[in-house]
Protein chains: 2
Amino acid sequence: MGVTLKELAASLNLSPTTVSRALNGYPEVNAKTRKRVRDAAERANYHPNTRARSLATGRTHAIGHVIALSDSHEIVNPVFADFIAGAGEAYSRAGYEMVLSMVPDSDEAQAYRDMIARGAVDGMIVHGPKLNDPRIALLTQLGVPFVVHGRSSGVDAPYSWLDINNNRSFRRATEFLLQLGHRRIALVNGLENMDFAMRRRNGYLQALHEAGLTPDPALMRQAEMTEVFGHSAATELMRLPDPPTAFLSSSMLVAYGLRRALVDQGCRMGRDVSVITHDDDLSYLPNGRDVPLFTATRSSVRDAGRKAAEMVLSLISAPGQGPLTCLMETTLIVGESTGPAPGSRPRDTARQ
Amino acid sequence: MGVTLKELAASLNLSPTTVSRALNGYPEVNAKTRKRVRDAAERANYHPNTRARSLATGRTHAIGHVIALSDSHEIVNPVFADFIAGAGEAYSRAGYEMVLSMVPDSDEAQAYRDMIARGAVDGMIVHGPKLNDPRIALLTQLGVPFVVHGRSSGVDAPYSWLDINNNRSFRRATEFLLQLGHRRIALVNGLENMDFAMRRRNGYLQALHEAGLTPDPALMRQAEMTEVFGHSAATELMRLPDPPTAFLSSSMLVAYGLRRALVDQGCRMGRDVSVITHDDDLSYLPNGRDVPLFTATRSSVRDAGRKAAEMVLSLISAPGQGPLTCLMETTLIVGESTGPAPGSRPRDTARQ
DNA sequence: TTGAAAGCGCTACCAT
DNA sequence: ATGGTAGCGCTTTCAA
């Protein structure tokens, strides 16, 4: 492969020790020698062997991400890719590598154990936390620095996390639709054993509750967040005797399927029906018709990935600090023409 | 971290040598001893340290993927995530790790060099090849086993690749639309310095040519494959004096933006206008209205990732073999009600 | 300011 | 069938 330290040292008539020190910025090395070494290293395209270095130092300069494959929506979800892109960016800036492990979700816990036991990573990011997620206790017990993307309700012990304020996001979106006069608002959610989905539902319920409305279970759906689900959910919901006039969607893919179903049924977006979705950015639409609110845009997800990566790196370099947390607020963007047009469809109440 | 081989050996009153041999399935070890060792390893949750092992063997059991970040559509593209998922699956089955490196695309070549020079990977997958892509010569020269996802026109030296038959795919899609009577077919393509995009355009042009039609440059668009692009392209194309009656899209995200724009302008999918897109799977639609053809579905992309991974692994384990290649054909799925309805919009010709 | 040598955890060669 | 030992490429005491 590449040149080794020993070879480089020999070519310079220096000891490996000195060369190592020169390259790693140790102060005791002569400025002249250092320059000589640096130049030679550059010319020879010398890069220290990661494996050897980490064997010697005990640090791998790698962060692990485990993806459970049966959560097929997880990896397929474009939002996931954005998060990974952001994290990867932060890693490479810091000279870290990202190790991705895709496993059948039955092997998930073992995948975490393995990565650690084999000394493959210095830290980990936990994706898609569920309620009471056992991975948090596992990693804590193993003593690995880690950051959860999301939180896990039911886990009491402290841990580091970065999350979007899902509750607030959906509460606000619901309030907004209520203000527009909507009374039948459908919630097309992710699986509610996922922590984020539960928080979103709670936000939705809270808003309804505060408006003195009783939630209709028929309007609440949950499943893996795919276009297929969005499509079938919308189709079925519109067949109800008293169909919803607005939809809250948990994912851009769901929203795509959902809008498609609505359109095929002749609904006009933003007139006959309103759709608000999380994790999407339709700001290019001329007047934000059915997207009065972006609860999180693509680029904010990338920011989240970057931020989460920086958090693990920080935990690694300064092990003393307590758990780090970061709650990201979402952005409200209201287009010009938002609710359904008056009278375009029977409605419980007049709009403001 | 975990237990070491030495510790395990000590606890068994055996030499590290024997334990290593027992665990690695060397034949000369006593069956009884082997069982004893295996059990103890299991109990202690022993996993050999990857770094130490690869230092000793010279093999890392890792495959590298470099993603150039300014190609923002590349990672954001859900299809990319599917490919990675498929590859990751194959890796973990084979006991390999996936190392992902996200770099600003100015550093791309160096990122490849680095990964190799630092001995971080045994092989690589090259993503998003452009015309005459220099990475192929680079990796060949470095002597690393690698597989290209796609091909690079202009590169003469042989190399291993896996590609979808983009030319044929788009030729067939175009022919199909021509048969339906369409004469003005828009091509909403990826950037044409990307090899796949050029092949798709060629397929489109060939079909037009064979039908005796002259391509209209005004109907051909290329840009990064985002919804934003799809939306603006469709909007602008529909403003033409003689707008297209059908669209060929290179990506599901583009198609989403594109359909959205069409719908907002009052077009009815599959009646006023037809849309065919690559890399999407809308088979859940009731009658496949505007999706008569899937040139590649999500799951086929995952298969491609799996297959590409298996190819690199094979190159690594059997270095002798010549370049491996794999051309995947796409699937034609025609829905019940495909072209625009007769007379719904001015048309050059009657439909069949 | 520089170098020699030990050792990180493992495999592989050479003995026994 | 089992063990001793060298060495993978690097960092890091300890000496000079």
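Note on naming: letters A, B, ... go to the chains in the order of the sequence lines (proteins, then strands), and numbering restarts at 1 for each one.
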Let me know the distance between [atom1] of [X] and [atom2] of [N], rounded to the nearest Å.
| X | N | atom1 | atom2 | result |
| --- | --- | --- | --- | --- |
| B:Leu5 | D:dT5 | CG | C1' | 14 Å |
| A:Asn30 | C:dG3 | CG | C1' | 15 Å |
| A:Tyr26 | D:dT13 | OH | P | 8 Å |
| B:Leu12 | D:dT2 | CG | C1' | 14 Å |
| A:His47 | D:dC10 | NE2 | P | 12 Å |
| B:Arg59 | C:dC10 | CZ | P | 18 Å |
| B:Leu14 | C:dC10 | CG | P | 15 Å |
| B:Glu28 | D:dA1 | CD | C1' | 8 Å |

Given [options], identify the nucleotide with an atom nearest to the side chain of [X].
| X | options | result |
| --- | --- | --- |
| A:Tyr46 | D:dC8, C:dC8, D:dC10 | D:dC10 |
| A:Arg53 | D:dT11, D:dC8, C:dA12 | D:dT11 |
| A:Ala56 | D:dT11, C:dA4, D:dA1 | D:dT11 |
| B:Leu55 | D:dT11, C:dT2, D:dC8 | D:dC8 |
| B:Thr57 | D:dC8, C:dA12, D:dT11 | C:dA12 |
| A:Thr18 | D:dG9, C:dT2, C:dC10 | C:dT2 |

Distance check, rounded to the nearest 0.5 Å: [X] atom [atom1] versus [Y] atom [atom2]?
| X | Y | atom1 | atom2 | answer |
| --- | --- | --- | --- | --- |
| B:Ser160 | B:Leu324 | OG | CG | 5.0 Å |
| A:Glu108 | A:Arg113 | CD | CZ | 12.5 Å |
| A:Arg34 | A:Thr18 | CZ | OG1 | 11.0 Å |

| Got a donor-acceptor pair under 3.5 Å from the side chain of A:Thr17 to the base of C:dA4? |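 It does, because a donor-acceptor pair links the side chain of A:Thr17 to the base of C:dA4 below 3.5 Å.
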| Quick one: is D:dT11 close enough that its OP1 or OP2 comes under 4.0 Å of any side-chain N or O from A:Ser20? |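 Yes, A:Ser20 has a side-chain N/O under 4.0 Å of OP1/OP2 on D:dT11.
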| message | Looking at B:Asn49, I'd like to know whether one of its side-chain N or O atoms comes within less than 4.0 Å of OP1 or OP2 on C:dC8. | response |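 It does not, given that no N or O in the side chain of B:Asn49 lies less than 4.0 Å from OP1 or OP2 of C:dC8.
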| query | Short question: side chain of A:Asp195, backbone of A:Ser153 - any donor-acceptor pair under 3.5 Å? | reply |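 Checked: pair present.
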| field | Earlier contact from the 5' end, DNA chain D, for B:Thr33 and A:Arg21 | value |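 First, find each residue's nearest nucleotide; the 5'-ward one identifies B:Thr33.
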| Contact class for B:Thr4 (heavy atom, under 4.0 Å): base, sugar-phosphate, or nothing? |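 Sugar-phosphate only.
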| Side-chain H-bond candidate by donor/acceptor type, A:Ser101 with B:Glu97, under 3.5 Å |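 There is no such pair between these side chains.
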